[in-house]
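When reading the values below, keep in mind they use all heavy atoms of this one structure, side chains included, and skip hydrogens, waters and symmetry mates. Keep in mind that what you see is a predicted model, and the values were worked out from it rather than measured.
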Amino acid sequence: MKSMISKEKSTDLLDEDRSDTIRLSVGEAEELGLTALRHLGFSEEDAKITVDQLIDNALCGYRFTSLPRILAIAENKRIKELRQPVKVVHETPLSALIDGGNNVGYVSVYHGAQLAIKKARQTGFASVGVYDSYFSGRNAYYTELVVNEGFVCIHISSAMARVIPPGAARPALGTNPMCIGFPSDNGPVIVDIGTASMMWGDVVLHAHLGEPLPTGVGVDADGNPSTDATAVLGGGVIPFGGHKGYGLSLAVQALGLLAGSAIPRGKTQDYGFLFLVLDPKMMLPGGDFQAQMSDLIHQIKSTKRQPGVDEIRIPSERSFRERKRRQVEGLVFDKKVIDSLKAL
């Protein structure tokens with residue numbers, strides 16, 4: 001594959017070109033992802049839904065949640081197990097529970113977001129849970145879809161045990177990200193955090209590339225601190241922020257139960273995806289929330305800065321800026337990842 005993106009003046013580009021990387025246009029990266037997913041048995045619709053997020057993740061600067069995730073999907077044993085169509089198994093005017101049918105979360109959670117949007121339009125509030133799925137990717141992607149419709153959105157993802165609670169020698173919690181999004185007159189404001197010190201997909205990518213992990217992130221199978229990503233795959237990672245991150249992780253794991261995480265296998269430490277969506281007019285009938293949100297952001301960014309600080313940045317601001325640049329400049333991937341995708 002020969003990239004159509006020029007590498008001239010690479011020092012002016014957002015991402016550095018190195019001997020072990022390759023720069024692709026958005027279209028080239030999309031086609032590579034679609035081809036790989038077709039070979040994994042994805043339908044054209046499901047492949048398109050999945051690749052749309054993977055490319056957006058790359059545009060926003062999230063390395064491991066872009067095309068490398070296809071390698072993780074290919075290596076996961078669930079991709080070879082029977083899949084059923086995504087379906088609603090329980091529903092009220094305000095809520096729904098979705099059986100993901102063992103489909104990858106990029107597909108099933110996308111349908112969950114769309115149903116939450118539909119219900120919130122009708123009633124002003126919606127709660128939608130998705131179970132029997134895995135690997136949903138970046139919470140901010142779904143939250144932004146909801147917020148673009150004018151809603152406030154809380155989205156959490158519980159997962160199987162990868163995280164070591166304080167004092168434990170084995171994992172007992174998922175990496176359990178949580179995301180909250182708000183509409184404003186100036187566009188979405190998205191706060192997306194993982195409750196683990198490092199997301200599991202990032203550990204997998206480090207192991208695939210043979211790169212060491214940062215110190216203090218993971219432990220091996222015996223509970224000993226390790227920077228060897230392969231060893232950490234047999235152990236786990238710690239929560240971010242000590243006991244505070246641990247508490248948030250526990251809360252996300254519990255909310256995953258509301259999404260049906262324990263239904264398919266009877267395990268309370270499993271994947272569950274929950275959306276809580278609210279029309280701001282339900283609380284502020286005058287419709288002033290978006291303007292007030294914009295004013296709040298303006299006040300924060302206008303706060304007096306410390307010497308040498310150019311800007312006070314808002315969560316999601318960096319990724320939105322970089323998305324615009326990479327749409328023009330193209331996307332940089334590790335050659336080893338591209339070669340592995342071609343080998344599929």
Side-chain angles (χ1 to χ4, degrees), residues 15 21-22 24 26 28-43 45-81 83 100 102-113 130 133-145 155 157-160 162 174-177 179 192 194 196 198-211 213 229-230 232-233 237 271 273 319 322-323 326 331-344:
D15 301 308
T21 64
I22 184 170
L24 303 178
V26 171
E28 290 170 333
E30 286 176 343
E31 186 54 39
L32 177 61
L34 288 170
T35 300
L37 290 174
R38 291 183 192 116
H39 283 286
L40 291 178
F42 278 55
S43 69
E45 178 186 5
D46 289 353
K48 182 66 167 57
I49 289 171
T50 303
V51 167
D52 277 353
Q53 185 190 155
L54 296 180
I55 297 303
D56 189 66
N57 295 344
L59 289 168
C60 290
Y62 297 99
R63 179 183 176 211
F64 82 89
T65 58
S66 60
L67 292 185
R69 291 300 278 170
I70 298 177
L71 301 176
I73 294 171
E75 294 169 359
N76 193 291
K77 64 180 182 181
R78 294 182 65 167
I79 194 66
K80 298 178 181 178
E81 297 173 357
R83 282 174 276 175
N102 193 46
N103 290 279
V104 71
Y106 294 98
V107 174
S108 59
V109 179
Y110 172 83
H111 287 297
V130 181
S133 194
Y134 64 103
F135 286 178
S136 69
R138 183 168 142 257
N139 282 13
Y141 175 82
Y142 306 104
T143 302
E144 187 178 354
L145 293 177
H155 174 42
S157 303
S158 69
M160 59 190 299
R162 305 289 194 191
T175 51
N176 294 0
C179 187
D192 187 14
M198 177 176 277
M199 297 307 290
W200 197 248
D202 212 357
V203 178
V204 173
L205 179 59
H206 276 71
H208 184 76
L209 298 176
E211 297 178 353
L213 298 175
T230 301
V232 170
L233 289 178
V237 294
Y271 293 99
F273 309 94
S319 61
E322 292 187 4
R323 175 193 280 162
R326 290 190 179 94
L331 304 169
V332 173
F333 299 97
D334 293 285
K335 285 183 178 178
K336 188 172 182 179
V337 169
I338 299 302
D339 291 342
S340 297
L341 288 170
K342 292 178 180 179
L344 288 178

Partners meeting side chain to side chain contact (heavy atoms under 4.5 Å, CB included) with [X] (sequence neighbours left out):
{"X": "Ala140", "answer": "Arg138, Cys179, Ile190, Asp192"}
{"X": "Val332", "answer": "Asp15, Asp17, Thr21, Arg23"}
{"X": "Pro68", "answer": "Ser66, Leu205, Val337"}
{"X": "Ser136", "answer": "Val109, Asn139, Tyr142, Ser157, Phe273"}

Heavy-atom closest pair, residues [X] and [Y]:
{"X": "Val107", "Y": "Ile49", "result": "CA-CG2, 4.2 Å"}
{"X": "Ala196", "Y": "Val237", "result": "CB-CG2, 4.0 Å"}
{"X": "Ser108", "Y": "Gly100", "result": "CB-CA, 3.9 Å"}
{"X": "Glu322", "Y": "Cys60", "result": "OE1-O, 4.0 Å"}
{"X": "Ala207", "Y": "Ala229", "result": "N-CB, 3.5 Å"}

Candidate list His206, Met199, Met198, test side chain to side chain contact (heavy atoms under 4.5 Å, CB included), partner Phe64, passing option: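 Filter result, single survivor: Met199.
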Qualifying residue, where the test is side chain to side chain contact (heavy atoms under 4.5 Å, CB included) with Ile79 and the options are Ile73, Asn103, Asn102, Val104: Ile73
Heavy-atom side-chain contact between [X] and [Y] under 4.5 Å:
{"X": "Leu40", "Y": "Ile70", "value": "yes"}
{"X": "Val130", "Y": "His111", "value": "no"}
{"X": "Ile55", "Y": "Leu67", "value": "yes"}
{"X": "Leu32", "Y": "Glu28", "value": "no"}

Name all residues meeting the side chain to side chain donor-acceptor pair (under 3.5 Å) criterion together with [X]; count only those two or more places apart in sequence or in a different chain, and write none if there are none.
{"X": "Tyr62", "result": "Arg318"}
{"X": "Ser319", "result": "none"}
{"X": "Tyr141", "result": "none"}
{"X": "Lys336", "result": "none"}

Option passing salt bridge (charged side-chain N to carboxylate O under 4.0 Å, His left out) with Glu31 (candidates Lys342, Lys48, Arg38): Arg38
Non-neighbouring partners of Asp46 that pass salt bridge (Lys or Arg N to Asp or Glu O under 4.0 Å), sequence neighbours left out: none
Non-neighbouring partners of Arg83 that pass salt bridge (Lys or Arg N to Asp or Glu O under 4.0 Å), sequence neighbours left out: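 Applying salt bridge (Lys or Arg N to Asp or Glu O under 4.0 Å) to Arg83 gives none.
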Gap between atom [atom2] of [Y] and atom [atom1] of [X] - 0.5 Å precision:
{"X": "Leu71", "Y": "Leu341", "atom1": "CG", "atom2": "CG", "answer": "4.5 Å"}
{"X": "His39", "Y": "Leu34", "atom1": "NE2", "atom2": "CG", "answer": "11.5 Å"}
{"X": "Thr50", "Y": "Glu45", "atom1": "OG1", "atom2": "CD", "answer": "10.0 Å"}
{"X": "Leu54", "Y": "Glu30", "atom1": "CG", "atom2": "CD", "answer": "10.5 Å"}

Backbone of Ala159 reached by a side-chain donor or acceptor of Asn176 within 3.5 Å: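 Indeed, once roles are kept as given, a pair shorter than 3.5 Å links the two residues.
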Where at least one partner belongs to residues 67-80, residue pairs that pass salt bridge (charged side-chain N to carboxylate O under 4.0 Å, His left out), sequence neighbours excluded: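 The answer is Arg78-Asp132.
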Counterpart residues, ring-ring contact (aromatic ring centres under 6.0 Å, His included), relative to Tyr106 (two or more places apart):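 Tyr106 satisfies ring-ring contact (aromatic ring centres under 6.0 Å, His included) with no other residue.
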